[in-house]
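Here the structure comes first, spelled out in structure tokens, and everything after it is commentary.
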Amino acid sequence: MSLIKLTAIEALELMKRGEISADELTRAYLEQMDRREGDLHAYLEISRERALDDAARPGADGGPPLAGLPTGIKDVFCTRGIVTTCASKMLEHYDPVYTATCVQQLIDAGIVILGKTNMDEFAMGSSTENSAFGPTRNPWDLQRVPGGSSGGSAAAVAGGEAIWALGSDTGGSIRQPAALCGVVGFKPTYGSVSRYGMIAFASSFDQAGPITRTVNDAALMMQYLTGKDPLDSTSVEHPHGFSIPVDQDLAGAKIGVITKLVREGTDPDVESAFETAVEAMSAAGAQIGEATLQHLDYALPAYYILAPAEASSNLARFDGVRYGFRAAGAEGITQMYEETRSQGFGDEVKRRIMLGTFALSSGYYEAYYGQAQKVRSLIFQDFERAFAEFDFLISPTTPTPAFELGEKADDPLSMYLSDICTIPVSLAGVPAISIPCGVTLQGLPVGLQIIGPAFSGKRVLQAARSAEIAIGFDKVSPLIEEDV
Ligand code: GLN
């Protein structure tokens with residue numbers, strides 16, 4: 001039996017029955033990291049000793065609900081005792097004094113932390129190439145990107161270097177890398193998971209969520225991630241909670257295809273994998289219709305005003321004084337600020353800070369930020385109207401499969417376009433999942449996005465489980481295939 005192919009639910013079952021131990025499971029993942037991490041670079045920090053200690057805890061096998069599950073944590077989450085860099089030189093040796101609430105909840109439920117996964121610096125990007133510590137590679141093709149910004153988490157799960165992982169999604173950073181790596185990624189409704197201890201990018205968008213091998217694993221992790229936290233005033237008690245979906249078909253589900261997202265520059269192989277998935281869902285009893293969202297064309301421009309505006313404010317704290325990097329040799333405080341920020345941030349982060357500062361500057365505030373907020377409301381209303389007609393909306397998760405390393409690195413606009421299908425959902429704050437739905441002719445995975453109304457996460461996961469059964473995707477990356 002290959003331990004690095006198991007789902008979290010299967011592993012829990014085997015541990016409960018005493019057929020495998022948490023120690024064996026953890027060692028299997030650490031061994032795969034020894035074999036593959038040189039190619040993949042999915043991790044920024046591997047907490048080997050701690051993982052083995054956690055796995056050896058009394059009750060690790062079959063004790064607490066998630067006991068013994070080897071987990072990757074995106075480096076955007078503060079972890080006391082494990083360096084947290086957000087993939088930035090600015091925080092290169094930062095040892096946080098506290099642990100993010102959602103990570104603590106997983107620790108309390110018994111997970112084993114394997115390490116901190118690579119990401120785009122401050123979660124800004126779609127390829128993990130913006131990491132200050134080098135890119136992650138895609139386990140399906142090492143010349144290609146894993147997507148981003150949670151590229152390390154997605155590559156770890158797809159490459160057998162974590163049974164599941166925690167990611168964060170601001171405009172698509174869980175769903176897009178999950179799609180490009182052939183795994184499942186769920187972004188909950190804004191407010192479902194505490195943001196306390198998650199290093200802020202755009203606070204009105206940021207949400208944590210699971211990257212897993214199956215929909216049921218995502219539902220399992222959600223049960224322990226969600227909850228109201230007094231330390232995050234935007235967090236709420238999820239009205240319906242989460243539970244493990246049952247195996248059933250899609251009979252009676254009204255599903256709207258967002259056709260506008262299928263046509264705009266979509267790769268033909270992605271389009272045909274998506275169409276095949278739609279047919280499978282229809283054969284499983286779903287009533288498929290066409291959904292029109294009127295203001296979709298404005299989603300990307302609105303996001304690229306609002307997210308940088310929030311980022312410019314959030315990142316003001318990295319000033320060389322309170323914590324993190326400080327440039328040496330400056331004369332006076334102004335020069336110290338300037339040099340610290342010039343040297344500490346990478347190009348994409350600086351670009352966002354400049355865009356955001358401009359959009360918020362006096363005289364331009366109404367024309368940019370104010371307008372973009374209005375567009376955000378219109379898009380929210382578009383979704384509300386569509387959900388009056390449909391239970392769920394679907395689209396491909398991304399317009400193309402994984403692209404080559406370097407292919408879009410010098411072209412920020414084309415990089416921004418890779419989130420065209422995920423960003424509208426983020427503006428509306430509603431839940432969405434990406435599940436694998438096929439492969440291209442070149443053998444690269446394609447993702448299907450299923451979107452639901454606010455706080456319908458439990459139903460979205462149920463629909464995704466039914467779609468997963470209907471589609472029957474059963475491929476794994478060659479990196480796992482070769483090693484077993
Ligand atoms: N790729 C998008 C961006 O660069 C989304 C990133 C994210 O969701 N963190 O902003």
Side-chain angles (χ1 to χ4, degrees), residues 74-77 86-88 117-131 135-136 145-154 165-181 185-190 193 195 198-211 299-315 345-356 359 372 376 397-400 402-403 407-409 411-434 447 449:
K74 185 178 182 180
D75 209 23
V76 74
F77 297 98
C86 226
S88 182
T117 56
N118 200 4
M119 54 184 281
D120 287 297
E121 183 179 7
F122 288 106
M124 296 172 191
S126 312
S127 68
T128 315
E129 291 167 296
N130 295 337
S131 167
T136 296
V145 303
S149 64
S150 314
S153 287
L166 187 58
S168 72
D169 192 310
T170 303
S173 278
I174 288 175
R175 292 160 285 159
Q176 187 258 19
L180 269 41
C181 290
F186 177 61
K187 180 199 89 77
T189 305
Y190 181 79
V193 181
R195 289 181 296 109
M198 174 162 92
I199 296 167
F201 163 13
S203 308
S204 77
F205 295 81
D206 298 343
Q207 260 304 280
I211 296 184
L300 208 64
Y303 173 85
Y304 278 99
I305 301 279
L306 297 173
E310 294 188 26
S312 70
S313 159
N314 276 327
L315 271 59
F345 290 133
D347 287 349
E348 183 60 30
V349 175
K350 285 184 213 164
R351 182 179 296 120
R352 305 280 177 115
I353 292 173
M354 286 189 281
L355 283 171
R376 187 174 191 178
T397 309
T398 58
T400 68
F403 40 92
E407 193 180 320
K408 297 181 198 257
D411 184 355
L413 282 186
S414 110
M415 188 73 90
Y416 296 172
L417 279 167
S418 64
D419 295 306
I420 189 123
C421 304
T422 51
I423 277 177
V425 181
S426 302
L427 285 160
V430 296
I433 192 167
S434 177
Q449 178 174 235

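Being a predicted model, the structure only gives us computed values, none of them experimental. Note that ligands are numbered from 1 as they come in the structure, with each ligand's atoms numbered from 1 the same way.
Counting only non-hydrogen atoms, the option in Arg175, Gln176, Arg352 that gets closest to atom 4 (O) of ligand 1 is Arg352.
Every atom of ligand 1 is numbered from 1 in the order shown, and the set under 4.0 Å from a heavy atom of Ala123 is 6 (C), 7 (C), 9 (N). Using a 4.0 Å cut-off to heavy atoms of Tyr304, the atoms of ligand 1 that qualify are 2 (C), 3 (C), 4 (O), 10 (O). Using a 4.0 Å cut-off to heavy atoms of Phe201, the atoms of ligand 1 that qualify are 9 (N), 10 (O).
Of the heavy atoms in Tyr416, none comes closer than 4.0 Å to ligand 1. With a heavy-atom cut-off of 4.0 Å, Ser149 touches ligand 1 through its side chain alone.
A donor and an acceptor atom, one from each side chain of Thr128 and Thr136, are nowhere located under 3.5 Å apart. Checking Asp206 against Thr170 by side-chain atom types alone, a donor-acceptor pair falls below 3.5 Å.
Looking at atom 10 (O) of ligand 1, its nearest protein heavy atom turns out to be Tyr303 OH, 2.7 Å. The single protein non-hydrogen atom nearest to atom 7 (C) of ligand 1 is Ser173 OG, 2.4 Å, given as residue, atom name and distance. Of the protein's non-hydrogen atoms, the one nearest atom 2 (C) of ligand 1 is Asp419 OD2, 3.2 Å.
Heavy atoms of Ala307 stay at 4.0 angstrom or farther from ligand 1.
Looking at ligand 1, you won't find any N or O of Met124 less than 3.5 Å from one of its N or O atoms. An N or O contact shorter than 3.5 Å links Gly171 to ligand 1 by distance.
At least one cation-pi condition fails for Arg351 and Phe345: the charged atom is not both under 6.0 angstrom from the six-membered ring centre and inside a 45 degree cone around its axis.
Results of the side chain to side chain donor-acceptor pair (under 3.5 Å) test with Arg175 over Thr397, Asp169, Thr422 single out Asp169 as the only residue that passes.
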* Test ring-ring contact (aromatic ring centres under 6.0 Å, His included) on Tyr303 and Tyr416 and set out the steps. => CA-CA 10 Å; Tyr303 173 85; Tyr416 296 172; 8.4 Å; no
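Using a 4.5 Å heavy-atom threshold, the side chains of Ile433 and Lys187 count as separate.
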